[in-house]
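Single-structure report; data block below.
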Number of protein chains: 2
Amino acid sequence: MNILSHSEENYLKHIYHIAGKERNKVATNSLAERLETKASSITDMLKKLKEKELIEYEKYKGCGLTDLGENIAIQIIRKHRIWETFLVNELNFKWDEVHDIAEQLEHIQSQELIDRIDAFLGFPKFDPHGDPIPNKQGKIEYRELKINLSEAKEDVNYEIVSVNEDSLALLRYLDDNKIGLGSEILILERYDFDNSLKVKIKGKKTINLSEKVTSCIGVRPM
Amino acid sequence: MNILSHSEENYLKHIYHIAGKERNKVATNSLAERLETKASSITDMLKKLKEKELIEYEKYKGCGLTDLGENIAIQIIRKHRIWETFLVNELNFKWDEVHDIAEQLEHIQSQELIDRIDAFLGFPKFDPHGDPIPNKQGKIEYRELKINLSEAKEDVNYEIVSVNEDSLALLRYLDDNKIGLGSEILILERYDFDNSLKVKIKGKKTINLSEKVTSCIGVRPM
DNA sequence: ATTACTTTTTAGGCAAGCCTAAATTTATTT
DNA sequence: AAATAAATTTAGGCTTGCCTAAAAAGTAAT
């Protein structure tokens with residue numbers, strides 16, 4: 001396998017994320033939206049990735065990663081999360097500042113480098129957003145019991161264990177409202193018409209969160 | 001000034017290095033050789049860099065950096081040397097293993113990142129090869145008294161303070177012969193016909209070094 | 001100073017990765 | 001099931017950064 005381009009690596013990573021645990025087929029348009037490119041550009045690249053046996057792809061039918069492609073995607077995610085952990089734990093960046101830098105660092109080509117950073121950090125299991133860091137073999141230990149805040153029950157105390165990192169605006173919003181990993185959260189009321197929640201963050205005032213927000217927050221009962 | 005491409009940054013860096021302290025004009029062919037591309041490709045890029053006012057360039061007359069171009073080149077060199085220091089001091093890479101990784105890391109776009117790594121390292125003045133690390137303002141403190149081993153005198157004790165890093169083969173050669181930064185070296189004899197030297201490394205056996213080798217080694221009288 | 005040699009530039013092409021516009025396939029309505 | 005809408009692909013183009021081959025400019029040697 002030749003070295004992949006920065007762009008090819010990015011496609012694999014995003015296909016992996018969109019497909020999710022259920023390994024759903026990934027539509028051309030969903031990739032286009034996520035990568036902020038036109039659908040025609042996606043089609044071009046999908047042909048190339050299929051040629052290299054990194055994805056399965058049939059015209060008009062969407063795509064999915066092959067085992068090879070998935071392994072590579074996971075290694076890129078590993079690098080991304082290790083670098084984020086380094087930036088936050090060692091260089092004192094805030095968790096909402098590191099995404100763009102990690103997006104660059106994840107493409108540095110050196111297995112030895114990432115393994116040494118991993119060791120330097122003491123082989124962390126989770127990154128600053130609460131997401132699991134795949135190990136060198138690509139194995140991912142999912143945090144148990146984690147559910148989305150949007151699916152959580154009323155009158156139960158939860159701890160926030162992850163925040164989907166893809167929107168900087170969201171991260172800023174949470175930071176402004178002093179919501180972060182480890183915050184204790186209690187659902188006071190659920191409004192069925194828009195599935196928004198009135199919640200109480202321990203030690204702070206109550207606040208209303210839209211489903212757009214709650215669906216990005218992972219929680220665990222305490 | 002827009003963000004420069006990886007390739008443009010590389011050109012500036014190499015022009016800076018070839019020009020040297022005397023700011024000599026840089027010939028198209030010397031860049032071609034160094035970048036391992038064809039002269040015609042160099043010409044293409046020189047036109048573009050001139051257009052962006054990063055270099056001065058006249059057809060058939062070679063090129064040189066403008067103040068703007070030089071500032072950028074120095075910042076890339078700063079990044080390269082800070083990353084090399086990080087890799088050696090913090091991750092325990094050997095000084096001859098870090099060049100290729102640093103070549104990638106030097107293009108990461110984040111002023112904040114490099115400043116924090118610099119602080120993390122305690123604002124080092126020299127990198128593992130003994131070369132000075134420009135500060136944030138681009139100022140370079142050259143090590144005083146440093147000369148090339150090829151120009152050193154007989155019967156004087158020197159300390160090795162720098163090794164030109166561009167040839168991996170050379171670094172390997174020196175490592176194999178247990179020659180490194182801090183080694184004490186004494187010139188026993190100079191052979192005028194090829195300017196090679198017979199030298200003694202303190203605590204080790206004597207060895208003959210060609211001018212090709214000695215011209216890459218910086219020393220300081222002890 | 002004219003010839004021969006070296007260096008550099010021009011001209012035309014190619015692959016990667018993106019684009020727009022138009023054609024095609026699939027999905028949804030009526 | 002035909003018509004419309006949405007998703008996707010094709011066709012053709014553009015820029016970047018490289019290439020080869022040929023022309024032009026500069027340098028050296030007779």
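Per chain, numbering begins at 1; letters A, B, ... match sequence-line order.
Using a 4.0 Å cut-off, no side-chain N or O of B/S40 falls inside it from OP1 or OP2 of D/dA21. Listed pair B/T43 / C/dT9 meets the phosphate criterion, a side-chain N or O lying under 4.0 Å from OP1 or OP2. Between B/Y57 and the phosphate of C/dT8, there is no side-chain N or O to OP1/OP2 separation shorter than 4.0 Å. The shortest distance between the side-chain N/O atoms of A/N29 and the OP1/OP2 oxygens of D/dA6 is not below 4.0 Å. Contact annotation: B/K47 side-chain N/O to C/dT10 OP1/OP2 distance is under 4.0 Å. OP1 and OP2 of D/dT16 both lie 4.0 Å or more from every side-chain N or O belonging to B/S5. For C/dC19, the OP1/OP2 oxygens have a side-chain nitrogen or oxygen of A/S41 closer than 4.0 Å. The phosphate of C/dA21 (OP1 or OP2) has no side-chain N or O of A/K38 nearer than 4.0 angstrom. For the pair B/Y60 and C/dT10, the criterion of a side-chain N or O lying under 4.0 Å from OP1 or OP2 is not met.
One atom, CG of B/L46, and another, P of D/dC18, lie 11 Å apart when rounded to the nearest Å. To the nearest angstrom, P of C/dT9 lies 15 Å from CE of B/M45. In this entry the distance linking CG of A/L31 with C1' of D/dT8 reads 13 Å, nearest Å. Protein atom CD of B/E58 is 14 Å distant from nucleotide atom C1' of D/dA25, rounded to whole Å. If you take CD1 of B/I3 and P of D/dT15, they are 20 Å apart, rounded to a whole angstrom. Spacing between atom CD1 of B/I42 and atom P of C/dT10 amounts to 14 Å, rounded to whole angstrom units. The separation between B/E33 atom CD and C/dT6 atom P is 15 Å, rounded to whole Å. Taking atom CD of residue B/E36 and atom C1' of nucleotide D/dC19, one finds them 15 Å apart after rounding to whole Å.
Annotation: of the two residues near DNA chain C, B/K59 and A/A39, the 5′-most nearest-nucleotide partner is B/K59.
By the neighbour-count criterion of 12 heavy atoms within 6.0 Å, atom CD of B/Q111 is densely surrounded, having more than that number from other residues, nucleotides or ligands. Counting non-hydrogen atoms of neighbouring residues, nucleotides and ligands closer than 6.0 angstrom, the CD atom of B/E112 exceeds 12 such neighbours.
B/D44 has no carboxylate O lying under 4.0 Å from a charged side-chain N of B/K38, or vice versa, which leaves the two without a salt bridge.
With values rounded to the nearest 0.5 angstrom, A/W83 atom CH2 is found 9.0 Å from A/L91 atom CG.
Relative to the side chain of A/D44, the nucleotides C/dC18, D/dC19, D/dT8 differ in distance, and C/dC18 lies closest.
With respect to B/K13, the side chain to side chain donor-acceptor pair (under 3.5 Å) criterion is satisfied by exactly one of B/Q75, B/E106, B/H80: B/E106.
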